[in-house]
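In what follows, a structure is listed as C-alpha cells, so that the remarks can point back to it.
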Amino acid sequence: KSLPLQFPIQSETIVGTIVIDKIENLQFKKNKISSYITITGHKLHIVTSIAGHNLRMKIGTLTTSFQCDTTIRFDARRQTLYLRPVITNLRSTDQSKTDVASAVVLLFNNRELPLQIEKLKPIVADTGTKLLSLSMNVSDIALGPESVLLKITPRIKATRKQKNGIKNK
C-alpha cells in the first residue's frame with residue numbers, strides 16, 4: 001500500500017479519520033522500524049458527557065508530526081502484520097490544537113495496529129503439456145539492520161493440459 005494511508009479511530013472520546021500523509025527518515029533496525037511521521041486528522045470531534053448529555057466539540061482538521069519507533073509482530077495464519085508504535089517529539093502545526101494532537105496520538109501510542117498483508121499473486125508457467133502454478137504465502141516478517149526479511153512458503157501445483165484446451169489434474 002502507499003501513502004496516504006487511512007487508519008480508523010477506535011475511540012469513544014474522539015471521532016473522525018486519521019491519515020498518514022508522510023513518512024520520513026525511515027530506518028530499519030533490529031526488531032524495530034524508526035521514522036518521522038506526519039498525520040492529518042479530518043472532521044475531528046471530541047465527545048464528552050455533561051449531566052448525562054453527550055456533547056461533540058468540533059476540532060476540524062489537525063496536522064501533527066512525531067518521531068515513531070515501531071515494533072512488529074506477524075500472524076501468519078491471519079496474514080496480518082501488527083505494528084506497535086511508540087511516539088515521541090510531538091509537534092502540531094497549530095499550537096492551539098496541541099492538546100488535541102496529544103489526545104489523537106494517544107490513540108496509537110503503544111497499541112497494536114493491524115495491517116492486512118495482501119495475498120501474493122501466483123506465478124503461472126506454461127511448459128507445453130502442463131501448467132505450473134506457484135502460489136506463495138508470507139510465513140514470517142522480521143526486521144534487521146537496514147533490512148526487512150520476508151519468509152515465503154511456496155506451493156507448486158501442476159495441471160496437465162488436454163488437446164482441446166480443457167485442463168486436467
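Here the structure is a predicted model, which is why all the values come from computation and not from measurement.
- Legend: salt bridge (Lys or Arg N to Asp or Glu O under 4.0 Å) pairs involving residues 57-82, not counting sequence neighbours, sorted by first then second residue: Arg73-Glu112, Asp75-Arg78.
- Here the side chains of Ile46 and Thr13 are not in contact, with every heavy-atom distance at 4.5 Å or above.
- The closest side-chain heavy-atom distance from Val104 to Ile14 is below 4.5 Å.
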Derivation and outcome, side-chain contact (heavy atoms from CB on, under 4.5 Å), residues Asn54 and Thr48: CA-CA 6 Å; Asn54 283 339; Thr48 189; over 6 Å; no
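- By the side-chain contact (heavy atoms from CB on, under 4.5 Å) test, Leu90 is found to be paired with Thr64, Phe66, Ala101, Ser102, Val105, residues two or more places apart in sequence or in another chain being considered.
- Closest approach of Ala158 to Lys130, counting heavy atoms only: CB-CD, 4.3 Å.
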Worked check of side-chain contact (heavy atoms from CB on, under 4.5 Å) between Leu113 and Phe108: CA-CA 8 Å; Leu113 306 169; Phe108 303 103; 3.7 Å; yes
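- Using modelled atom types, one finds a donor on one side chain and an acceptor on the other under 3.5 Å when comparing Tyr36 with Arg91.
- Residues that satisfy the side-chain contact (heavy atoms from CB on, under 4.5 Å) test with Arg56, not counting sequence neighbours, are Val15, His45, Val47.
- When all heavy atoms of Pro114 and Thr80 are compared, the closest pair comes out as CB-CG2, 3.8 Å.
- Cluster membership for Ile87 and Ile39, using ILVMFWY side-chain heavy atoms within less than 4.5 angstrom, is shared.
- Expressed to the nearest 0.5 Å, how far CG of Asn110 lies from CZ of Arg84 amounts to 5.5 Å.
- Here Thr70 pairs with nothing under the side chain to side chain donor-acceptor pair (under 3.5 Å) rule; sequence neighbours left out.
- The side chain to side chain donor-acceptor pair (under 3.5 Å) test applied to Ser65 returns Thr38, not counting sequence neighbours.
- Taking the side chain to side chain donor-acceptor pair (under 3.5 Å) definition, one finds that Ser139 meets it with Thr153, sequence neighbours left out.
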Just do the side-chain hydrogen bond (donor to acceptor under 3.5 Å, both in side chains) check on Ser35 and Asn25 with the steps written out, would you? CA-CA 5 Å; Ser35 61; Asn25 196 23; over 6 Å; no
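- Between Leu81 atom CG and Ile72 atom CD1 the span is 5.0 Å, to the nearest 0.5 Å.
- No side-chain donor-acceptor contact under 3.5 Å links Lys29 to the backbone of Ser34.
- Side-chain atoms of Thr88 and Gln67 include no donor-acceptor pair closer than 3.5 Å.
- Annotation: the span from Ile141 atom CD1 to Leu149 atom CG amounts to 9.5 Å, rounded to 0.5 Å.
- Inter-residue side-chain proximity for Asp126 and Lys161 is flagged as met; some heavy-atom pair is nearer than 4.5 Å.
- Put simply, Leu132 and Met136 are part of two different groups of oily side chains (I, L, V, M, F, W, Y) that touch within less than 4.5 Å, one to the next.
- Linking ILVMFWY side-chain heavy atoms closer than 4.5 Å, directly or via other members, places Ile23 and Ile33 in a single hydrophobic cluster.
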Taking it one step at a time, do Val138 and Gln79 satisfy side-chain contact (heavy atoms from CB on, under 4.5 Å)? CA-CA 7 Å; Val138 177; Gln79 290 292 286; 3.8 Å; yes
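- Looking at Thr40 and Thr61, their side chains come closer than 4.5 Å, going by heavy atoms from C-beta outward.
- The nearest pair of heavy atoms linking Gly16 to Leu44 is CA-CD2, 4.1 Å.
- Within a 6.0 Å sphere centred on CD of Glu24, heavy atoms belonging to other residues, nucleotides or ligands number more than 12.
- Interatomic distance, Leu55 CG to Ile50 CD1, rounded to the nearest 0.5 Å: 4.5 Å.
- Leu115 CG to Leu5 CG: the interatomic distance, rounded to the nearest 0.5 Å, is 6.5 Å.
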How far apart are the C-alpha atoms of Ile152 and Asn137, what are their side-chain angles, what is the distance that settles it, and do they pass the side-chain contact (heavy atoms from CB on, under 4.5 Å) test? CA-CA 6 Å; Ile152 298 174; Asn137 274 342; over 6 Å; no
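- Residues Ile117 and Phe28 share a single hydrophobic cluster, defined by chaining ILVMFWY side chains whose heavy atoms lie under 4.5 Å apart.
- The structure places NE2 of His42 at 5.5 Å from OG1 of Thr17, a figure rounded to the nearest 0.5 Å.
- Side-chain heavy atoms closer than 4.5 Å link hydrophobic residues (I, L, V, M, F, W, Y) into clusters, and following such links, possibly through other members, connects Ile20 to Leu62.
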